[in-house]
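Everything quoted here is computed from the prediction, not taken from an experiment. One-based numbering, in listed order, for ligands and for the atoms of each.
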Amino acid sequence: MKFFIDTANLDQIKEANDLGILDGVTTNPSLMAKEGITGTQNILEHYVKICNIVDGDVSAEVVSTDFEGMMREAHELVKLHDNIVVKIPMIKDGIKAIKALTDEGIKTNCTLVFSAGQAILAAKAGATYLSPFIGRVDDITWDGLDLVAQIAHIYDMNGFTTEVLAASIRNPLHIVKCAEIGADVVTCPLNSILGLLKHPLTDIGLEKFLADYRKGNA
Ligand code: E4P
């Protein structure tokens with residue numbers, strides 16, 4: 001399972017990348033705004049900064065909702081850096097754009113996915129990645145992990161090559177469960193990645209080992 005970080009914060013991207021386990025980055029307009037990155041030119045420049053940190057796929061989201069606009073933006077985005085994957089919303093024109101971009105050999109990430117039906121359409125269009133939003137499904141008391149498992153099963157059964165990129169991850173348990181149910185990629189906030197490190201018995205054990213070492217070497 002690949003690990004992407006879900007942020008536009010350069011320090012957090014560097015910190016995750018320095019761990020040596022990072023395979024890519026996802027962003028969206030809200031994550032850009034959170035970092036105070038506004039205006040098309042600044043946003044495009046920020047994508048280049050991210051691509052220069054991480055050697056892996058970097059999702060850059062279009063903000064047009066019509067086919068022509070999405071295609072125009074996609075062509076601008078892919079010129080920025082070889083790592084760019086064009087993030088396209090799960091709407092009718094989005095599906096058309098994913099198909100057209102796939103035919104041109106451009107990688108896509110179909111975003112804002114909340115149902116298996118949407119996942120089938122995106123795979124038929126040839127999306128490189130599909131982003132079901134676990135946390136936002138959980139927020140309405142449905143089960144986001146069940147959705148990811150259902151999509152992973154459908155893709156396996158049908159031989160679809162689209163990778164299931166589990167998004168809207170809220171905690172380390174989401175990551176572990178995604179690994180169990182067959183997500184190809186998880187995109188996570190830094191806190192959830194670092195949360196995987198934590199276990200009280202590790203801390204207690206390390207403290208004891210170091211205390212015993214110090215006793216023997218006093
Ligand atoms: C990533 O591609 C998504 O945009 C992101 O994971 C959404 O996360 P959120 O539901 O926490 O905003």
Yes or no on side chain to side chain donor-acceptor pair (under 3.5 Å) for E35 and N9, after CA distance, side-chain angles and deciding distance?
CA-CA 6 Å; E35 299 308 317; N9 182 292; 3.1 Å; yes
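Shown are T27, T7, N109, T26; of these, the side chain to side chain donor-acceptor pair (under 3.5 Å) with T187 is made only by T26.
When only non-hydrogen protein atoms are considered, atom 8 (O) of ligand 1 lies nearest to S168 CA, 3.5 Å. The shortest contact between atom 6 (O) of ligand 1 and any protein heavy atom is with D6 OD2, 2.6 Å. Annotation: atom 12 (O) of ligand 1 to nearest protein heavy atom, R136 NH2, 2.8 Å. K87 NZ, 2.6 Å is the protein heavy atom nearest to atom 2 (O) of ligand 1. The protein atom (non-hydrogen) at minimum distance from atom 3 (C) of ligand 1 is F133 CZ, 3.5 Å.
Between T111 and ligand 1, not a single N/O pair is under 3.5 Å apart. Looking at ligand 1, you won't find any N or O of T187 less than 3.5 Å from one of its N or O atoms. An N or O contact shorter than 3.5 Å links R170 to ligand 1 by distance. Checked against a 3.5 angstrom limit, the closest N/O atoms of T27 and ligand 1 fall outside it. Annotation: N28 places an N or O atom under 3.5 Å from an N or O atom of ligand 1; distance criterion only.
No more than 12 heavy atoms of other residues, nucleotides or ligands lie within 6.0 Å of CG in D82, so this atom counts as exposed by the packing criterion.
S59 OG to L31 CG: the interatomic distance, rounded to the nearest 0.5 Å, is 11.0 Å.
Salt bridge status for K177 with E180: present, with a side-chain N to carboxylate O gap under 4.0 Å.
Side-chain atoms of H75 and E104 include a donor-acceptor pair closer than 3.5 Å.
Looking only at distances, no side-chain donor or acceptor of N17 sits under 3.5 Å from a matching main-chain atom of I13.
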